[in-house]
Amino acid sequence: MRFRHVLAPTLLLAFVAFDAHASGWTVGEGQLIVKESFGYWSSDRKFASTIDEQLLFPMRTPSSPARGDRIPFDPVTAGRFTIFGATTSVSYGVLPWLDLSASLPVLRVDFDTASRAGDPQAAGDVVDARVGLGDLLAGVKLRVARGTGWVGAIKMEAKIPTGRFDPNAWQTPITEGQTDLSGMTQVGVSLGRFGYAGASAGYKLRLRKASNQFAPGDEVVLAAELGANLPYRLMVKAAADALLGQPGTIGFADSEWPRRRLFSLWGGVVWKATPNTSMDASLRWLIAGENFPTGLPLFVGVTHAFDLRPSPQRERQLPR
């Protein structure tokens, strides 16, 4: 099984840029937050899965890879994939305790074999680059608790298969073409002028795709983060997250699909250029996992806040 045909499950997950993804705060009534983030990721290795143990290396020896080992993701060609992505994300505060959010990525995915990467005229396993929309991620956040310096929230999200799913031998699929439903609890703690801390825990229900009976395993998602204020309107952020997936099935015979697991660390810096605009840059270090590429995705982004509440002067001019 070539790696490019199992790449799609990782794209949206890896291309969610570094945000306050573990915090419990809402954006505020009438506030619209728009973020444009850009990502780059390239790798020629992956964390081995049960497929690599059982199919690629069925005769076990002391040197054979085990689940979680870093191995070439395409042992036949030793190729490399490269992804560029741009994601537009919006959050709107309907009420002080209620946010609506959505994000949609545009991705360019390219896969080159070792021979192709070294010589563009070389024959062999050539796969065309693909550019297209990813899947829409829509969410609702409810603030359910608040105390002195802390908040608690519940967030529900749905991954809607808006991107085209058309895998073939000559192109890399961008999406899985199936739906995910997730719910999580989030807590945020203010550290005053020093910064903030946050944590979240959630469960993702991954639904079966009817056309090929692909049912990826459900997943538990955990995250914790810390932000520290610096002079000159700077903030540094650090985070850790974990994804713990279960085995899934594929096909009408319900053949087992290997579980997906990932442990990663984040680091980033944010500059508040104006009271309403900030810029950020971050790295995500994929430190361990199964059935997932290795690498160091890089992100940069720009965020702008719009206050859509009617001004007091405009309210006075409205008819009573």
Side-chain angles (χ1 to χ4, degrees), residues 1-16 21-22 39 41-57 65-75 81 83 85 105 107 109 111 134-135 137 157-161 163 165 167 172-184 200-209 212-223 239-251 254-266 284-297:
M1 181 179 297
R2 295 294 174 83
F3 178 79
R4 60 179 177 269
H5 292 140
V6 297
L7 181 62
T10 70
L11 299 183
L12 277 178
L13 175 65
F15 263 73
V16 176
H21 59 282
W41 184 23
S42 184
S43 181
D44 62 357
R45 303 186 74 79
K46 67 174 178 177
F47 299 112
S49 69
T50 53
I51 285 182
D52 303 305
E53 286 184 321
Q54 298 169 5
L55 299 183
L56 299 182
F57 302 93
R67 280 177 290 178
D69 288 352
R70 296 170 184 259
I71 65 172
F73 59 67
D74 193 329
F81 77 87
I83 305 175
L107 302 169
V109 184
F111 180 91
D135 291 335
L137 191 65
E157 286 185 328
K159 187 198 78 175
I160 303 168
F165 179 76
T172 300
I174 289 179
T175 76
E176 296 170 277
Q178 52 79 231
T179 300
D180 293 344
L181 301 175
S182 62
M184 65 190 73
S200 68
Y203 188 84
K204 182 183 296 183
L205 179 66
R206 313 206 67 206
L207 304 184
R208 181 182 294 268
K209 179 176 171 57
N212 62 356
Q213 293 298 300
F214 174 47
D218 295 346
E219 296 170 346
V220 173
V221 182
L222 307 171
D241 56 22
L243 181 148
L244 307 173
Q246 299 300 315
T249 59
I250 188 170
D254 281 343
S255 300
E256 183 172 311
W257 187 261
R259 68 185 185 184
R260 181 175 69 169
R261 298 205 163 186
L262 180 66
F263 302 89
S264 65
L265 298 175
W266 291 82
R284 186 180 191 183
W285 181 27
L286 311 179
I287 58 175
E290 295 178 26
N291 195 26
F292 206 96
T294 66
L296 195 69

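Just so it is clear, the structure is predicted and the values come from calculations on it, not from any experiment.
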Practice problem: Determine, step by step, whether V220 and K204 satisfy the side chain to side chain contact (heavy atoms under 4.5 Å, CB included) criterion, reporting the C-alpha distance in whole Å, the side-chain angles of both residues, the deciding distance to 0.1 Å, and the verdict. | Solution: CA-CA 6 Å; V220 173; K204 182 183 296 183; over 6 Å; no
Practice problem: Would you check if there is a donor-acceptor pair between the side chains of R45 and T294 at a distance under 3.5 Å? | Solution: no
Quiz item: For P258, which residues count as a side chain to side chain contact (heavy atoms under 4.5 Å, CB included) partner, sequence neighbours excluded?
Solution: S49, T50, I51, N291
Practice problem: Give, for atom OG of S42 and atom CG of L296, the distance between the pair rounded to the nearest 0.5 Å. | Solution: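 Reported to 0.5 Å precision, the distance equals 11.0 Å.
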Quick one: does [X]'s side chain get under 4.5 Å of [Y]'s, heavy atoms only?
{"X": "L222", "Y": "F263", "answer": "no"}
{"X": "V221", "Y": "S182", "answer": "no"}
{"X": "F81", "Y": "W41", "answer": "yes"}
{"X": "D241", "Y": "R284", "answer": "yes"}
{"X": "L265", "Y": "I287", "answer": "yes"}
{"X": "Y203", "Y": "M184", "answer": "no"}
{"X": "I71", "Y": "K46", "answer": "yes"}
{"X": "L286", "Y": "P297", "answer": "yes"}

Practice problem: Could you pull out the closest heavy-atom pair between P247 and R259, with the gap in Å? | Solution: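 Distance-wise, the nearest heavy atoms are N-CB, 3.6 Å.
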Practice problem: Please report the closest heavy-atom contact between D135 and P161, naming both atoms and the distance. | Solution: OD1-CA, 3.3 Å
Practice problem: May I have the step-by-step check of side chain to side chain contact (heavy atoms under 4.5 Å, CB included) for R260 and E219, ending in yes or no? | Solution: CA-CA 8 Å; R260 181 175 69 169; E219 296 170 346; 2.8 Å; yes
Quiz item: Should D180 and R206 count as an ion pair when the cut-off is N to O under 4.0 Å?
Solution: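 Counted as a salt bridge, because a side-chain N and a carboxylate O are separated by less than 4.0 Å.
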Quiz item: Salt bridge between E290 and R261, side-chain N to carboxylate O under 4.0 Å?
Solution: no
Exercise. Could you go through the side chain to side chain contact (heavy atoms under 4.5 Å, CB included) check for E157 and L137 one step at a time?
Key: CA-CA 7 Å; E157 286 185 328; L137 191 65; 3.9 Å; yes
